[in-house]
Protein chains: 2
Amino acid sequence: MSELEEPRGGLAHRVPDLGALELLLAVARLGSLGRAARELGITQPAASSRVRSMERQLGVALVDRSPRGSRLTDAGALVTDWARRIVEAAEVFDVGAQALRDRRDSRLRVAASMTIAEYLLPGWLIALRAERPDTAVSLLAGNSTIVAERLLADEADLGFVEGPTVPAGLDAVVIAHDHLIVVTAPGHPWARRRRPLDAAELASTPLILREKGSGTRQVLESALGGLARPLIELSSTTAVKSSALSGAGPAVLSELALGEELSARRLVRIPVDGVRLRRALRAVWPTGHRPAGPARDLLGLTRGGTPAVD
Amino acid sequence: MSELEEPRGGLAHRVPDLGALELLLAVARLGSLGRAARELGITQPAASSRVRSMERQLGVALVDRSPRGSRLTDAGALVTDWARRIVEAAEVFDVGAQALRDRRDSRLRVAASMTIAEYLLPGWLIALRAERPDTAVSLLAGNSTIVAERLLADEADLGFVEGPTVPAGLDAVVIAHDHLIVVTAPGHPWARRRRPLDAAELASTPLILREKGSGTRQVLESALGGLARPLIELSSTTAVKSSALSGAGPAVLSELALGEELSARRLVRIPVDGVRLRRALRAVWPTGHRPAGPARDLLGLTRGGTPAVD
DNA sequence: ATGGGGACATAAGCTGGCGTTATGAGTGAG
DNA sequence: CTCACTCATAACGCCAGCTTATGTCCCCAT
């Protein structure tokens, strides 16, 4: 019948752009199109038209307009919550990308391992920006050696490394532990086990793993005593996750890489007994040069709001 | 010095749009601008220009171009992972919004409680689309009463409800449990406790809660034996989370609402002892009308890839 | 009751971003 | 040496979204 429109495009054609989503969040929060428009620095007609075209695009009424304000419809509330998650991911992107660009005016230069730079640092930077909006941060991502080099050459003010050892010449404090966990797709037999796995089972089962030499692989192998049987070897955490999601087999990866997948049961965590699958995450700085100023502020955030280290 | 550009706009001006992010992911996966362009159904010059303007916008080189392909730079890999999370959130938005619109041609009509519709269903629908791309789904979100009405009026094929009781006239199967958890900002004294909380402590401490009558509030109060002392009462899970993030106090909310906040330690989970803070999530259908066809497919996904119920 | 003010809608015009086609230039393989 | 592949550049067109200017509705205060 009415096969007039078959968008058949990428997501971008079916999902409103970030500006529209921000607008929707503002409308939800402020209860008025006009006020939301003002907050975003656009005019009221622009906001009106934008919300309208968003509704047209989605085929769903999002806001109830009235002569004295606008409130979300039920569907609008649902859509707004999904929108919020996009915007939050965009904030992470933004603060991360902003730190990546080399700025000469950075007041705080951070060097961090990949895992930390990817998963943890943006959150800290968002929190830091909330407290100290004027602190421009620059980020360099690399392995422990790189981080140490930068710090010792005074090209970074604060570093973050993962793994069992602290590079020479640096003082360190453990800020958290990264737990590796075993996951499978929900259909896998392990997902129905009642007893935790033990080391022997884990070592004797082919697993989806990062490549040999990677941080997570090292932790696993040292925990198992040198043995780990790869089912597939992949070069990024993301690839491991995708592979596990597709049901290829059990995977071992950092809990940091799992978000919704666990709570929505798209992946199932398999308990493991008697194997210490974790590694320390440490903040580091040149021996003696205890972090001060912005570095100290950031360090405070990483340690759970306790500003003093000591 | 060079204060030429101060974007000073919303996120939308600093974060590339979804089309650009999808393009970046395709380039990362395929190793070539041209191939990525083809996959997205645009021309190679369009892709080239888009990636270039994204690099200009971010001030970071993302891909190394060579006469025989393009690979991500180190910074590009990081940016791409952040981009992936935006795109994943956009997929959730897309599949959810698509289901919300009333389609006459829906092959599967679902009625679900808010929590399930918001957090769980999109993931299931993405999985369902992967297996049965032709299944058009429509979604109606509402409380248990609404869900039951729709099912009994044959206006929905499958329902999802949360809470201790199964509405009359429906058969049900428990598909999961929603665990309520107690969280605080990392700076809160509870975050440093070593012993789990007990019921008495929980009941005697003012908490950030949903309003009286809400599902999560009911679970908490029945678990505590009727008592719950609100510090603030808020009308959405999201508001509770924001409030907890800002350090207003301990909050009780569904683990489904927490994503990164926990693993990145922006919120800390406080263990609780001797209180059963969970509620069953159930799939429901009219007594006797065992789900078949698409409804059965979806039901299978919710139960961890086991297609057969029974 | 009557005007003022807030909220949203509509209309007309401009602009810029992104797309297209057409072409050029560099590299490696047969 | 030519083909096949990569990416870059140029010239042009379209449309989404912005703006300003106006209209309508409703509530409230005088």
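Heavy-atom basis, side chains included; hydrogens, waters and symmetry copies ignored. Below, chain A is the first sequence line, B the second, and so on; all start at residue 1. What you see is a predicted model; the values in this text were computed from it and never measured.
Contact annotation for B/Asp64: no contact, since no heavy-atom pair falls under 4.0 Å across all strands.
Taking atom CG on A/Leu23 and atom P on D/dG17, their separation rounds to 11 Å, with Å as the unit. A straight line from CD of A/Gln57 to C1' of D/dG17 spans 13 Å, rounded to a whole angstrom. We find that CG of A/Asp17 is positioned 12 Å from P of D/dA16, with the value rounded to whole Å. Look at CE on B/Met54: it is 14 Å from C1' on C/dG17, rounded to the nearest Å. Here D/dG17 presents its P atom at 12 Å from NE2 of B/His13, a figure rounded to the nearest Å. Separating the CG atom of B/Leu40 from the C1' atom of C/dC18 is a distance of 14 Å, rounded to the nearest angstrom.
In this structure A/Phe93 satisfies the ring pair (Phe, Tyr, Trp, His ring centres under 6.0 Å) test with no other residue, sequence neighbours excluded.
The CZ atom of A/Arg85 sits 11.5 Å away from the CD atom of B/Glu88 when rounded to the nearest 0.5 Å. Taking CG of B/Leu33 as the reference point, atom CG of B/Leu23 lies at 7.0 Å (rounded to 0.5 Å). Distance CG/A/Leu128 to OG1/A/Thr135: 5.0 Å, rounded to 0.5 Å.
Among A/Val60, A/Leu24, A/Val63, the one residue that satisfies the side chain to side chain contact (heavy atoms under 4.5 Å, CB included) test with A/Glu55 is A/Val63.
No donor-acceptor distance shorter than 3.5 angstrom exists from the side chain of A/Ser243 to the backbone of A/Ala239, with no hydrogens or angles considered.
Side-chain proximity of B/Thr43 to the nucleotides C/dT21, D/dG17, C/dC18 is greatest for C/dT21. Nearest to the side chain of A/Ile42, among C/dC18, C/dT21, D/dT19, sits D/dT19.
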Take nucleotides 3-12 of chain C nucleotide by nucleotide from the 5' end and write B, S or -, depending on whether a protein heavy atom sits under 4.0 Å from the base, only from the sugar-phosphate, or from neither. ---BSBBB--
